[in-house]
Amino acid sequence: MRGKRSGRSQGRRCGHRRRGGESHYFPQGCEGQGGSRGRHADGPDGRGGEYSGSRWFRRVMKVTQLVTKSLRDDPPEAETASHRLMLRAGLIYQVAAGIYASLPLAYKSLRKIENIIREEMDRAGGQELLMPALQPLELWEQTGRGAAFGDNLFSLEDRRGRPMVLAPTHEEVVTGIVKANVQSYRDLPVILYQIQTKFRDEPRPRAGLVRVREFAMKDAYSFNADEESLDDSYQAMAQAYKNIYRRCGLPVLMAEADSGAIGGKDSHEFILATPTGEDTVITCPACGYTANAEKASGVYHELPAEDEESLEAVSTPGVKTIDGLAQYLNISDEKTFKAVFYMADGEVVFVTIRGDLEVNDIKLKNALRASDLRLADDQEVAKAGLVAGSASAIGIHDIKRVGDLSITRGNNFVVGGNKPDTHLRGANYPRDFQVDILTDIALARPGQGCPNCGQPLEAVRGVEVGHIFKLGTFFSEALGANYLDREGQHQPIIMGCYGIGVGRLLAAAIEQNHDDKGIMFPAPIAPYQVHLVGLNLADEQVTEEAERLYQELKDQGIEVLYDDRTDQTAGVKLNDVDLLGLPVRLVVSPRNVKAGVVEFKQRLDETSSLVPAGEVVATLQAMPEIT
RNA sequence: CGGGGCGUGGCCCAGCGGCAGGGCGCCUGGUUUGGGACCAGGAGGUCGGCAGUUCGAAUCUGCCCGCCCCGACCA
């Protein structure tokens with residue numbers, strides 16, 4: 001450790017040098033960080049100061065030493081921004097579909113993200129552990145999840161022919177660990193977490209690191225004796241997640257989510273908004289209500305009550321759609337019922353919903369408790385004796401019927417006549433027909449009212465960068481993970497699980513933070529904080545000054561990537577700087593050296609400024625976000 | 001799994017029955033140096049694989065493999 005840095009560095013790290021109340025990144029003290037910065041242990045190559053002490057990261061790098069190179073052209077296979085930019089900037093290397101190597105620059109970012117996650121998990125009471133990726137299939141059969149994952153499970157055999165899997169997640173193993181180590185309510189609660197590689201044989205990997213088949217993931221698992229305790233753990237994790245995203249410089253939406261086939265009551269997704277995202281959340285700008293598209297509910301137009309009219313057939317030649325029907329009869333589509341046919345686990349299901357609404361497949365699947373749900377095809381519809389385009393629940397008895405709550409709101413609807421070119425007016429539920437299940441299965445849409453405050457809802461696309469679940473007792477019951485309560489009774493442990501895809505988070509961060517020139521890294525997850533560029537390094541004075549500045553930054557513990565290439569023109573170098581998108585660019589050039597200044601520019605800013613060479617370090621150290 | 005697109009030096013692409021090409025990059029020498037330089041010389045490819053058609057196949061046909069996009073799927 002050589003001296004002058006360490007003291008002030010630690011103070012800085014703890015936030016003491018923040019100014020003006022700005023506190024974007026390190027708002028909560030500095031547990032778990034003590035002394036890891038500003039220490040200059042000699043690295044394995046003996047070059048002092050290039051490695052951080054306890055983390056053993058290389059803190060500085062010369063471009064001429066970097067293995068990877070940027071690409072001049074956009075890779076044609078990459079359409080989404082993060083994928084394109086990560087390939088171009090030399091962050092990732094594709095090995096196969098959905099399988100990537102993280103090259104040194106990306107790996108630095110990933111390690112930073114991991115460390116932020118690690119610190120927040122530890123702060124929330126988590127204990128880190130490592131579990132095997134390779135597991136016997138038998139374990140997955142005990143919970144039925146071998147079948148549930150199906151082809152998404154990477155499977156193989158060991159040399160004795162024993163079926164094995166590459167784990168897509170670790171609930172089974174972690175539950176076994178807890179079962180072996182927890183007997184009493186006194187041992188609970190427990191939160192364990194892991195950051196490691198997981199495998200899912202995704203049917204369609206896409207968008208670079210957004211959806212891959214092998215990926216680094218943080219999963220945490222909570223084990224609690226009762227619901228209240230589970231709630232505490234869940235809230236602690238939710239808060240930890242918020243801290244993580246804030247510290248990464250990423251604004252995320254926390255959305256109510258469907259808890260899935262296994263899940264218990266609560267589930268939330270964390271969504272980073274970007275137009276190329278795979279998921280849609282419905283959100284209320286007025287009150288903050290946010291839910292994913294599968295879960296969200298919206299308030300739709302209420303129809304005034306009317307006296308029930310009698311049922312009457314109308315001829316509707318050629319009319320097969322709701323739009324066509326509304327137009328033909330000159331009525332609003334709100335005054336019609338649509339019929340939709342599904343196949344749920346091989347059984348035809350008849351679904352009725354108001355004509356202006358759409359069926360939410362996930363809600364329907366949950367209502368039916370079906371494991372496989374899809375739209376019925378024409379043959380299946382015909383075989384069930386249903387008339388597509390003119391169907392209604394009236395007179396249907398031998399098929400399972402599901403009605404959306406919207407069919408109870410209003411009177412005198414136009415419905416199918418169950419024979420071609422015929423509809424019925426004056427249809428009223430439940431006078432004219434019944435359903436087997438009546439519940440909310442409507443898809444929420446932007447423009448509908450917020451269920452909390454009634455203001456119009458909006459739809460936002462984004463990438464899911466975290467998901468937390470209350471699991472309940474599914475795994476503990478299947479695997480016999482019980483504890484003894486105060487009365488000496490065996491009880492299944494109540495579980496929760498909490499995941500963040502590390503690589504996906506990086507990809508989503510880039511997806512959200514880039515321009516047409518390249519990446520714009522949020523400082524906390526940037527591979528280096530400063531991109532030092534020497535222009536015209538054939539000039540000895542320039543080289544001397546650039547090297548001096550590099551050394552000074554290195555000595556001050558500032559992470560710097562130094563473009564020391566002598567064989568590239570200014571254009572190439574400056575474009576590479578914009579492409580990689582580190583927070584700060586410093587340019588040393590003949591004219592700057594003559595003037596005794598260094599050009600200073602932030603990636604987020606349009607303009608640069610000239611800083612006296614002697615004040616560069618002080619300028620950087622005055623920036624709260626630069627580490 | 002359905003639909004579409006694409007596989008040609010390290011990268012981006014042209015060629016589509018008759019000698020395998022261009023740009024970038026790379027190597028050597030020289031000139032250049034603030035937004036993807038210039039000159040001269042040079043290295044580098046079983047044209048994704050297999051089979052077939054043909055005097056002759058990168059080019060036509062069939063099968064297969066791989067990659068990308070849309071959809072399905074995504075506790």
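Nothing here was measured: the structure is a model prediction, and the numbers come from that model. In what follows, chains carry the letters A, B, and so on, assigned in the order in which the sequence lines appear, proteins first and then strands, with residues in each chain numbered from 1.
Rounded to whole Å, the separation between the P atoms of B:C69 and B:C38 comes to 34 Å. Taking atom P in both B:C16 and B:C60, one finds a spacing of 10 Å when rounded to whole Å. With both ends at atom P, the span from B:C6 to B:A40 equals 37 Å, rounded to whole Å. Here, B:U53 and B:G62 have their P atoms 15 Å apart, quoted to the whole Å. If you take atom C1' in B:U8 and the same atom in B:A58, they sit 7 Å apart, rounded to whole Å. The C1' atoms of B:G25 and B:G42 are separated by 14 Å, rounded to the nearest whole Å. For the P atoms, the distance from B:G29 to B:C67 is 42 Å, rounded to whole Å. Taking atom P in both B:A43 and B:G21, one finds a spacing of 13 Å when rounded to whole Å.
Within the 4.0 angstrom heavy-atom criterion, base atoms lie near A:Glu599. When heavy atoms are screened at a 4.0 angstrom cut-off, A:Arg88 is found touching base atoms of the nucleic acid. Nucleic acid contact class of A:Ala147 (heavy atoms, under 4.0 Å, all strands): none.
Taking atom OH of residue A:Tyr100 and atom C1' of nucleotide B:C67, one finds them 9 Å apart after rounding to whole Å. Between A:His170 atom NE2 and B:A75 atom P the separation is 18 Å, expressed in whole Å. Atom CD of A:Glu278 is separated from atom C1' of B:C70 by 13 Å (rounded to the nearest Å). To the nearest angstrom, C1' of B:C74 lies 12 Å from CE of A:Met217. Rounded to whole angstrom, the span from the CG atom of A:Asp567 across to the P atom of B:U31 amounts to 16 Å. Atoms CD1 (A:Ile99) and P (B:G66) sit 12 Å apart, rounded to a whole Å. Between A:Asp564 atom CG and B:U33 atom P there is a gap of 20 Å when expressed in whole angstrom units. Between the CD1 atom of A:Ile92 and the P atom of B:C67 there is a distance of 15 Å, given to the nearest Å.
Between A:Arg84 and A:Glu79 there is no salt bridge, since none of the side-chain N atoms of the basic residue sits less than 4.0 Å from a carboxylate O of the acidic one. We find that A:Arg585 and A:Asp605 are not joined by a salt bridge, their nearest charged nitrogen and carboxylate oxygen being 4.0 Å or further apart. A salt bridge does not link A:Arg548 with A:Glu544: every distance from a Lys NZ or Arg NE/NH1/NH2 to an Asp or Glu carboxylate oxygen is 4.0 Å or more. By the 4.0 Å N-to-carboxylate-O rule, A:Lys601 lies too far from A:Glu606 to be salt-bridged with it.
Of the residues in residues 535-548 of chain A, those lying under 4.0 Å from RNA chain B by heavy-atom distance are A:Leu535, A:Asn536, A:Ala538. Looking at residues 574-598 of chain A, you'll see A:Leu574, A:Asn575, A:Asp576, A:Asp578, A:Arg585, A:Val587, A:Ser589, A:Arg591, A:Asn592 sit with a heavy atom under 4.0 Å from some atom of RNA chain B.
Figure legend: cation-pi geometry between A:Lys470 and A:Tyr234, with NZ or CZ positioned under 6.0 Å from the six-membered ring centre and within 45° of its axis.
A 6.0 Å sphere centred on CG of A:Asp151 holds no more than 12 heavy atoms belonging to other residues, nucleotides or ligands. Residue A:Gln541 places its CD atom among 12 or fewer non-hydrogen atoms of other residues, nucleotides or ligands, all under 6.0 Å distant.
Nearest nucleotide to the side chain of A:Gln94, out of B:C67, B:G34, B:A72: B:C67.
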Validation: residues 206-217 of chain A side-chain donor-acceptor distances under 3.5 Å, sequence neighbours left out:
{"unit_1": "A:Arg206", "atom_1": "NH1", "unit_2": "A:Glu278", "atom_2": "OE2", "d": "3.2"}
{"unit_1": "A:Arg211", "atom_1": "NE", "unit_2": "A:Glu278", "atom_2": "OE1", "d": "3.4"}
{"unit_1": "A:Arg211", "atom_1": "NE", "unit_2": "A:Glu278", "atom_2": "OE2", "d": "3.0"}
{"unit_1": "A:Arg211", "atom_1": "NH1", "unit_2": "A:Glu202", "atom_2": "OE1", "d": "3.0"}
{"unit_1": "A:Arg211", "atom_1": "NH1", "unit_2": "A:Glu202", "atom_2": "OE2", "d": "3.1"}
{"unit_1": "A:Arg211", "atom_1": "NH2", "unit_2": "A:Glu278", "atom_2": "OE1", "d": "3.2"}
{"unit_1": "A:Arg213", "atom_1": "NE", "unit_2": "A:Ala97", "atom_2": "O", "d": "2.9"}
{"unit_1": "A:Arg213", "atom_1": "NH1", "unit_2": "A:Asp201", "atom_2": "OD1", "d": "3.0"}
{"unit_1": "A:Arg213", "atom_1": "NH2", "unit_2": "A:Ala97", "atom_2": "O", "d": "3.1"}

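Taking the six-membered ring where the residue is Trp, the centroids of A:Tyr245 and A:Phe270 are separated by under 6.0 Å.
For the side-chain contact (heavy atoms from CB on, under 4.5 Å) criterion with A:Leu610, the lone passing option out of A:Asn592, A:Val587, A:Val598 is A:Asn592. With A:Asp576 as the partner, the side-chain contact (heavy atoms from CB on, under 4.5 Å) test is satisfied by one option alone out of A:Leu579, A:Asp578, A:Leu580, A:Leu574: A:Leu579.
Looking at every heavy atom in both residues, A:Asn224 comes nearest to A:Pro189 through ND2-CB, 3.3 Å.
In terms of position along RNA chain B, the nucleotide closest to A:Arg565 lies nearer the 5' end than the nucleotide closest to the other residue of the pair A:Pro205 and A:Arg565. Checking A:Thr169 against A:Lys69, the closest nucleotide of RNA chain B that is more toward the 5' end is the one next to A:Lys69.
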Salt bridge (charged side-chain N to carboxylate O under 4.0 Å, His left out), that's the test. Do A:Asp539 and A:Arg591 meet it? Break it down for me. CA-CA 11 Å; A:Asp539 183 326; A:Arg591 70 186 193 202; over 6 Å; no
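Residue pairs that meet the ring pair (Phe, Tyr, Trp, His ring centres under 6.0 Å) test with at least one member in residues 568-609 of chain A, sequence neighbours left out, do not exist here.
In this structure, A:Thr569 does not reach the B:U33 phosphate: none of its side-chain N or O atoms is under 4.0 Å from OP1 or OP2.
No donor-acceptor contact under 3.5 Å links the side chain of A:Arg204 to the base of B:C74.
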Let me have RNA chain B in dot-bracket notation, would you? Count Watson-Crick plus G-U wobble pairs, both distances under 3.5 Å, and use [ ] for pairs crossing earlier ones and | for inter-strand partners. ((((((((.[[[[.)..(..]]]].((((((.....)))))).....[[[[[..)....]]]]])))))))....
Set out, line by line, the N/O atom pairs under 3.5 Å between protein and nucleotides 6-14 of chain B.
{"unit_1": "B:C12", "atom_1": "O4'", "unit_2": "A:Asp73", "atom_2": "OD2", "d": "3.4"}

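In terms of modelled atom types and a separation under 3.5 Å, the side chain of A:Lys62 and the main chain of A:Arg565 share no donor-acceptor contact. Not a single donor-acceptor pair under 3.5 Å links the side chain of A:Asp74 to the backbone N or O of A:Pro76.
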